[in-house]
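Keep in mind that the numbers below use all heavy atoms, side chains included, and drop hydrogens, waters and symmetry copies.
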Amino acid sequence: MNQSIIGAGLLSAGLLLGGGTARATLHAPEAHVCQADAIQKDNRPEPAKRLFRSTAVEQQILRVQKLLKNAKLAWMFTNCYPNTLDTTVHFRTGKDGKPDTFVYTGDIHAMWLRDSGAQVYPYVQLANSDPHLKQMLAGVILRQFACINIDPYANAFNYTPEPNGEWMHDKTDMKPELHERKWEIDSLCYPIRLAYYYWKTTGDASVFSDEWLQAIANILKTFKEQQRKNGLGPYHFQRVTDRPFDTLSNDGYGAPVKPVGLIASAFRPSDDGTTFPFLIPSNFFAVTSLRKAAEILTTVNKKPALAKECTALADEVQAALQKYAVYNHPKYGKIYAFEVDGFGSQHLMDDANVPSLLAMGYLGDVSMNDPIYQNTRRFVWSKDNPYFFKGTAAEGIGGPHVGLDMIWPMSIMMKAFTSQDDAEIKWCVQTLLHTDAGLGFIHESFNKDNPAKFTRPWFAWQNTLFGELILKLVNEGKVDLLNSIQ
């Protein structure tokens with residue numbers, strides 16, 4: 001994704017509707033000139049320019065606004081929570097009469113399977129009180145299944161085929177329907193997570209039709225190919241680039257692995273290449289996703305053989321994780337490694353992008369009280385993690401995608417989501433409020449010493465995730481905690 005540094009200014013997620021990635025650089029002081037006035041009025045697009053409207057979402061915004069005494073927190077929630085709907089959702093009814101929803105990631109006008117699944121996830125809880133919203137969500141799920149069936153190795157897709165797309169010259173099996181073809185395990189997990197939650201919340205099983213069965217067959221085939229038991233498999237990727245994490249070594253196949261039952265991921269959720277292809281957080285995510293798929297196949301589709309195939313693969317990956325994912329750290333005790341290769345090498349770090357080691361508790365891939373996870377959580381939020389940065393403005397986790405000293409707010413949100421300590425949660429929310437560069441939105445990353453130096457002013461996943469966090473805290477009865485924030 002785009003990495004250009006955007007100086008703080010009047011750019012905001014609600015204003016960048018013209019297409020393309022913003023590359024303007026503005027100076028920090030301008031961001032704060034009109035902040036007091038901005039808090040009086042939200043930074044959303046005017047109603048006529050909002051792409052999708054949900055009455056249930058608007059009601060939640062009004063409810064939360066009345067509960068929050070911190071004016072800036074209420075303002076940021078109002079800006080961020082509906083940002084996906086306001087600026088990225090393109091909903092229609094297809095020729096077959098079924099809902100079809102294409103979701104931009106924000107300033108890049110393509111649909112990532114990961115991002116789109118995460119962007120709309122917080123709205124699912126409201127689907128039963130808003131039929132229009134429910135249809136839109138079903139459209140996202142159906143579009144994701146269709147994308148998987150175009151190419152299960154792709155991470156991002158175009159709205160319509162683009163023969164002259166930005167990455168059509170990558171050395172891989174590109175198609176005009178694809179925006180990018182980076183193989184990432186989580187790209188096949190997020191659609192299952194969204195569909196399962198939608199089904200459990202609404203009871204609507206209509207999305208699990210033949211296209212779903214084809215998608216799960218493609219997911220199983222891809223996962224098994226990338227266990228690398230029968231050679232390297234069909235996927236390879238190379239790009240002409242000056243960024244080493246944007247391409248793969250060894251003729252496009254990446255670092256070698258020893259087949260031990262784990263699934264190889266060529267790229268991380270950051271869209272950066274893996275160092276060792278057995279990416280541990282994504283393998284955990286695959287296990288829980290396969291178990292969700294098995295439940296759907298058993299209950300809805302009455303396909304016990306296919307469900308058993310999902311469960312067997314989940315069991316195999318889980319057993320391999322128990323054997324290869326744990327490292328006995330001299331300071332923290334047993335922790336989960338970030339990546340391994342099956343030969344004995346283990347990469348100790350964490351990246352902010354979800355799934356991450358920190359986010360495994362949020363995704364439900366491990367128990368929040370798992371002692372190894374708790375040890376890992378302490379490790380990744382420390383200077384022993386090479387991508388943990390602490391400066392005068394904040395501390396948090398970044399990653400190689402945007403370089404050193406750049407903190408991703410997503411890591412601070414994951415710390416809050418997985419925290420059992422009110423003081424820690426309060427610190428997280430307070431830090432997010434103070435690192436928005438005065439714009440009222442959550443950015444991709446910001447400099448540890450200067451939040452006015454940030455990447456991506458329009459990144460809908462982070463915005464909506466902030467809304468999800470605040471709504472969760474409100475619904476859990478932590479309004480007093482939120483109102484105590486200065």
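Of the N and O atoms on the side chains of Gln144 and Ser116, at least one donor lies less than 3.5 Å from an acceptor on the other residue. Looking only at atom types and distance, the side chain of Thr392 has a donor-acceptor partner in the side chain of Asp449 under 3.5 Å away. Looking at Thr84 and Thr464, their side chains do bring a donor and an acceptor atom within 3.5 Å of each other. Side-chain atoms of Glu177 and Asn158 form no donor-acceptor pair, as typed in the model, at a separation below 3.5 Å. Donor-acceptor pairing under 3.5 Å is recorded for the side chains of Gln420 and Asn369. For the 3.5 Å distance criterion, the side chains of Arg291 and Gln318 qualify, holding a donor opposite an acceptor. When only modelled atom types and interatomic distance are considered, Asn353 and Ser270 share no side-chain donor-acceptor pair under 3.5 Å. For the residue pair Tyr332 / Asp384, a side-chain donor-acceptor distance below 3.5 Å is found, with atom types taken as modelled.
Checked for salt-bridge contact, Lys415 and Glu395 miss the test: no charged N lies under 4.0 Å from a carboxylate O. Looking at Glu309 and Lys303, no side-chain N of the basic residue comes within less than 4.0 Å of a carboxylate O on the acidic one, giving no salt bridge. Remark: Glu180 engages Lys182 in a salt bridge, criterion side-chain N to carboxylate O under 4.0 Å.
Of all heavy-atom pairs spanning Asp350 and Ser356, the tightest one is OD1-CB, 3.5 Å. Of all heavy-atom pairs spanning Met410 and Leu465, the tightest one is CG-CD2, 3.9 Å. The two residues Tyr123 and Asn83 have their closest heavy-atom pair at OH-N, 4.1 Å. In plain terms, the two heavy atoms of Ala393 and Thr435 that are nearest each other are O-CG2, 4.3 Å. Between Met406 and Ser445, the shortest heavy-atom contact is CE-OG, 3.4 Å. When every heavy atom of Lys292 is checked against every heavy atom of Arg193, the shortest pair comes out as CD-CA, 4.5 Å.
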Please report the C-alpha distance between Asp272 and Arg243 in whole Å, then the side-chain angles of each, then the deciding distance to 0.1 Å, and finally whether the salt bridge (Lys or Arg N to Asp or Glu O under 4.0 Å) criterion is met. CA-CA 9 Å; Asp272 294 332; Arg243 298 186 69 248; 3.7 Å; yes
Pair Asp107-Arg456, salt bridge (Lys or Arg N to Asp or Glu O under 4.0 Å): steps then yes or no: CA-CA 7 Å; Asp107 50 22; Arg456 301 192 68 185; 2.6 Å; yes
Does Tyr153 form a side-chain hydrogen bond (donor to acceptor under 3.5 Å, both in side chains) with Glu184? I'd like the steps, not just the answer. CA-CA 7 Å; Tyr153 279 107; Glu184 303 162 10; over 6 Å; no
side-chain hydrogen bond (donor to acceptor under 3.5 Å, both in side chains), that's the test. Do Thr418 and Arg377 meet it? Break it down for me. CA-CA 9 Å; Thr418 60; Arg377 194 173 179 275; 3.0 Å; yes
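To the nearest 0.5 Å, atoms CG (Asn301) and CD1 (Ile216) are separated by 9.5 Å. Here the CD1 atom belonging to Ile470 is positioned 12.5 Å from the NZ atom belonging to Lys478, to the nearest 0.5 angstrom. With values rounded to the nearest 0.5 angstrom, Glu444 atom CD is found 3.5 Å from Thr455 atom OG1.
Note: Phe379 and His329 meet the aromatic proximity criterion, with ring centroids under 6.0 Å apart. Note: Tyr198 and Tyr121 fail the aromatic proximity criterion, with ring centroids not under 6.0 Å apart. Within the 6.0 Å centre-distance limit, the rings of Trp458 and His109 are counted as a close aromatic pair. Proximity of the aromatic rings of Tyr190 and Phe285 is defined here by a centroid distance below 6.0 angstrom, and this criterion is met. Residues Phe284 and Tyr336 place their aromatic rings such that the two centres sit under 6.0 Å apart. Between Tyr362 and Phe417, the gap from one ring centroid to the other is short of 6.0 Å. Aromatic rings from Tyr104 and His90 are positioned such that their centres are separated by under 6.0 Å. Proximity of the aromatic rings of His443 and Trp408 is defined here by a centroid distance below 6.0 angstrom, and this criterion is not met. Ring to ring, Phe237 and Tyr253 are not that close: their centroids are 6.0 angstrom or more apart. Under the 6.0 Å cut-off for aromatic ring centres, Phe388 and Trp381 qualify, their centroids lying closer than that.
Within the cation-pi definition used here (under 6.0 Å to the ring centroid, within 45° of the axis), Arg181 does not qualify as a partner of Trp167.
Remark: the backbone N or O of Phe145 is paired with a side-chain donor or acceptor of Asn149 at under 3.5 angstrom. No donor-acceptor distance shorter than 3.5 angstrom exists from the side chain of Gln214 to the backbone of Ala146, with no hydrogens or angles considered. In terms of modelled atom types and a separation under 3.5 Å, the side chain of Thr247 and the main chain of Arg239 share a donor-acceptor contact. Looking only at distances, a side-chain donor or acceptor of Asn250 sits under 3.5 Å from a matching main-chain atom of Gly254. A side-chain donor-acceptor contact under 3.5 Å links Gln227 to the backbone of Gly261.
More than 12 heavy atoms of other residues, nucleotides or ligands lie within 6.0 Å of NZ in Lys472, so this atom counts as buried by the packing criterion. Annotation for Lys390: atom NZ does not count as buried by contact number, only 12 or fewer foreign heavy atoms lying within 6.0 Å. More than 12 non-hydrogen atoms from other residues, nucleotides or ligands lie less than 6.0 angstrom from NZ of Lys175. Enclosure of atom CG in Asn230 is not indicated, since only 12 or fewer non-hydrogen atoms of other residues, nucleotides or ligands lie within 6.0 angstrom.
Two residues are said to be in side-chain contact when any heavy atoms from C-beta on lie closer than 4.5 Å; Ile397 and Leu358 meet this criterion. Looking at heavy atoms from C-beta onward, Leu194 lies out of side-chain contact with Pro191 at the 4.5 angstrom threshold. Between Pro355 and Met360 the shortest side-chain heavy-atom distance does not fall below 4.5 Å.
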